[in-house]
Structure formats: C-alpha cells, structure tokens
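Notes for the one structure printed next.
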Amino acid sequence: MDDLDAEDAKLVTLARGAAGRVSQTTGAAVRDGIGRTYASAAVDLPSLRLTALQAAVAQAFAAGAEALEAAVVFGAGSDEDGLKAAKEISSDVTAYSVIRKEVNRLA
C-alpha cells in the first residue's frame, strides 16, 4: 500500500470498510472530480446484481458526479464491469486493485 498516495489509500480504507459492513470479501470506493467519495460492497439480490465497483460508481453517478478521479477495488484482482462503468464517466480514471497489501494498477 506504500505505492498509493494518501488520498488513494483512504479509498482502500473505505472499500475495506464497505465490504466488512456486510461481511463480503470485496468492496470498492471511488473519488469524484471534486473530492467526494463513495463506497460499496457488491449487491447480490435475486433481482439485482452489481459488482462492488459498479455499485460505488452508481452512487457517484446518482449523486451528480461529473468526473471520477480514482477507484479502488479491495479484495479482488479486477472488476471489468465496474471499470467499464467508471470509464463511462471518466475515460482517464485511475483504478487500483488491492488484495491484502498488494496494489496493482487496473487503469
């Protein structure tokens, strides 16, 4: 996690917390263009399935975010569907995957 700046490290904390609140192994968090953050775990209901990153992006979009600066997926090596959603808002979003303390850049 030393590879992340302080603001991106906060996203890891938020993503980990979102997963922990609902006893999931994965969570995600995004930061919008004005610094607001949104975090979520995956949604797995019979009528609705969203990855953690899709859910966090949906929260940001619903709150009126016009840009995303950064995204973190905690506990999973990737989230292609979530990354695709994030890039629909900001094609240049910086995204990371964090498993334990290993950080990998996704975009």
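Everything numeric here is computed off the predicted structure, so don't read it as measured data. This chain uses plain numbering: 1 for the first residue, then up along the sequence.
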Considering non-hydrogen atoms only, spot the tightest contact between [X] and [Y] and give its length.
X    : Y   : answer
A19  : A41 : CA-CB, 4.1 Å
Q54  : R49 : OE1-O, 4.4 Å
R100 : F74 : O-CE1, 4.4 Å
A52  : S40 : CB-O, 3.6 Å

Student check: side-chain heavy atoms of [X] and [Y] closer than 4.5 Å:
X    : Y   : value
V73  : V98 : no
V30  : T37 : no
L106 : Y96 : no

Less than 3.5 Å apart, which donor and acceptor atoms pair up between the side chains of residues 56-71 and the rest of the protein, not counting sequence neighbours?
{"from": "Q59", "atom 1": "NE2", "to": "A39", "atom 2": "O", "distance (Å)": "3.3"}
{"from": "E69", "atom 1": "OE1", "to": "R31", "atom 2": "NE", "distance (Å)": "2.8"}

Practice item. Can you sort out the partners of V43 under side-chain contact (heavy atoms from CB on, under 4.5 Å), two or more places apart, ordered by chain and number? Key: L45, L48, L50, A55

**Study point:** Distance (rounded to the nearest 0.5 Å) between K10 NZ and L4 CG
**Key:** 13.0 Å

Distance-only criterion, 3.5 Å: show the donor-acceptor pairs between side-chain atoms of residues 79-88 and protein atoms not counting sequence neighbours.
{"from": "D79", "atom 1": "OD1", "to": "T51", "atom 2": "OG1", "distance (Å)": "3.1"}
{"from": "D79", "atom 1": "OD1", "to": "G82", "atom 2": "N", "distance (Å)": "2.7"}
{"from": "D79", "atom 1": "OD2", "to": "T51", "atom 2": "OG1", "distance (Å)": "2.8"}
{"from": "D79", "atom 1": "OD2", "to": "L53", "atom 2": "N", "distance (Å)": "3.3"}

